[in-house]
Amino acid sequence: MLAPINDLELSLNDAVALFELASLEGDESLIEELEGVLTEIYKRATRLHMESILSAPHDLLNCFVEINAGAGGTEAQDWAYMLARMYIRWAERKKYKTEITNKNDGEEAGVKSITIRIEGSK
């Protein structure tokens with residue numbers, strides 16, 4: 001359970017030690033190489049963080065996302081549509097199935113409200 005975190009910590013400590021050594025010796029190429037290493041460490045840390053957040057039994061279930069424009073007129077309705085589109089595109093990139101179950105179009109642009117069903121892999 002803690003092995004991935006320990007591996008991440010070890011990788012980070014190694015990168016810090018190499019950075020200190022490269023800084024003392026003025027080795028710019030090693031410093032540039034470490035940027036890529038730190039980017040990978042960051043990606044691993046982000047993935048571990050997400051896995052720790054989404055580790056409950058119900059996290060694998062489907063969901064409904066409901067967005068309401070509220071007050072703000074056309075700008076709020078346009079923003080609600082952009083937000084819905086963002087969630088739909090995110091779900092599609094994750095290979096989740098999406099379905100708009102309810103949509104109340106705005107008067108000029110966007111939506112007053114929208115409900116999206118997102119069905120993930122089980």
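Scope of the values below: all heavy atoms of this structure, side chains included, with no hydrogens, waters or symmetry mates. The structure presented is a predicted model; accordingly, all values stated were derived computationally and were not measured.
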First locate atom [atom1] of [X], then atom [atom2] of [Y], and finally report the distance between them rounded to the nearest 0.5 Å.
| X | Y | atom1 | atom2 | result |
| --- | --- | --- | --- | --- |
| Asn68 | Ser113 | CG | OG | 5.5 Å |
| His49 | Arg47 | NE2 | CZ | 14.0 Å |
| Asn13 | Leu8 | CG | CG | 9.5 Å |
| Trp79 | Ile67 | CH2 | CD1 | 9.5 Å |

Using the test side-chain contact (heavy atoms from CB on, under 4.5 Å), find all partners of [X] that sit at least two apart in sequence or belong to another chain.
| X | result |
| --- | --- |
| Thr115 | Phe64, Glu66, Thr101, Asn102 |
| Glu108 | Thr74 |
| Asp27 | Ala22, Ser29, Leu30 |
| Asn6 | Leu2, Glu9 |

Distance-minimising heavy-atom pair for [X] and [Y]:
| X | Y | answer |
| --- | --- | --- |
| Gln77 | Glu107 | OE1-N, 3.4 Å |
| Ala71 | Ala76 | O-CB, 3.4 Å |
| Leu18 | Leu34 | C-CD1, 3.7 Å |

Practice task
Flag the pair Glu119 and Arg117 as a salt bridge only when some basic side-chain nitrogen lies within less than 4.0 angstrom of an acidic carboxylate oxygen.
Solution key: yes

Practice task
Please assess Arg93 against Arg89 for the test side chain to side chain contact (heavy atoms under 4.5 Å, CB included), listing each intermediate value before the final yes or no.
Solution key: CA-CA 6 Å; Arg93 278 195 308 273; Arg89 292 183 70 198; 4.1 Å; yes

Return all side-chain donor-acceptor pairs below 3.5 angstrom for residues 35-44, not counting sequence neighbours, or 'none' if the list is empty.
{"residue": "Thr39", "atom": "OG1", "partner": "Glu35", "partner atom": "O", "Å": "2.9"}
{"residue": "Arg44", "atom": "NH1", "partner": "Ser11", "partner atom": "OG", "Å": "3.3"}

Exercise for the section: Test side chain to side chain contact (heavy atoms under 4.5 Å, CB included) on Val65 and Ile118 and set out the steps. Expected result: CA-CA 8 Å; Val65 176; Ile118 299 177; 3.8 Å; yes

Handout entry: Same cluster (ILVMFWY, side-chain, under 4.5 Å), Leu21 and Val16
Key = no

Exercise for the section: Answer yes or no: is there a side-chain heavy-atom contact under 4.5 Å between Met82 and Asp78? Expected result: yes

Problem - Min side-chain heavy-atom separation Ser23-Ile31 under 4.5 Å - result: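 Ser23 reaches Ile31 side chain to side chain.
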
Practice task
Would you indicate whether Glu33, at its atom CD, is surrounded by more than 12 heavy atoms from other residues, nucleotides or ligands within a distance under 6.0 Å?
Solution key: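 At most 12 heavy atoms, drawn from other residues, nucleotides or ligands, come within 6.0 Å of this atom.
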
Handout entry: CD/Glu51: more than 12 non-hydrogen atoms of other groups inside 6.0 Å
Key = yes

Exercise for the section: Check the pair Ile88 / Glu92 against side chain to side chain contact (heavy atoms under 4.5 Å, CB included), numbers first and verdict last. Expected result: CA-CA 6 Å; Ile88 291 169; Glu92 288 170 348; 3.5 Å; yes

Exercise for the section: Could I get the full list of ring pair (Phe, Tyr, Trp, His ring centres under 6.0 Å) partners for Trp90, not counting sequence neighbours? Expected result: Tyr96

Practice task
Please assess Asp105 against Tyr81 for the test side chain to side chain contact (heavy atoms under 4.5 Å, CB included), listing each intermediate value before the final yes or no.
Solution key: CA-CA 9 Å; Asp105 289 322; Tyr81 177 75; over 6 Å; no

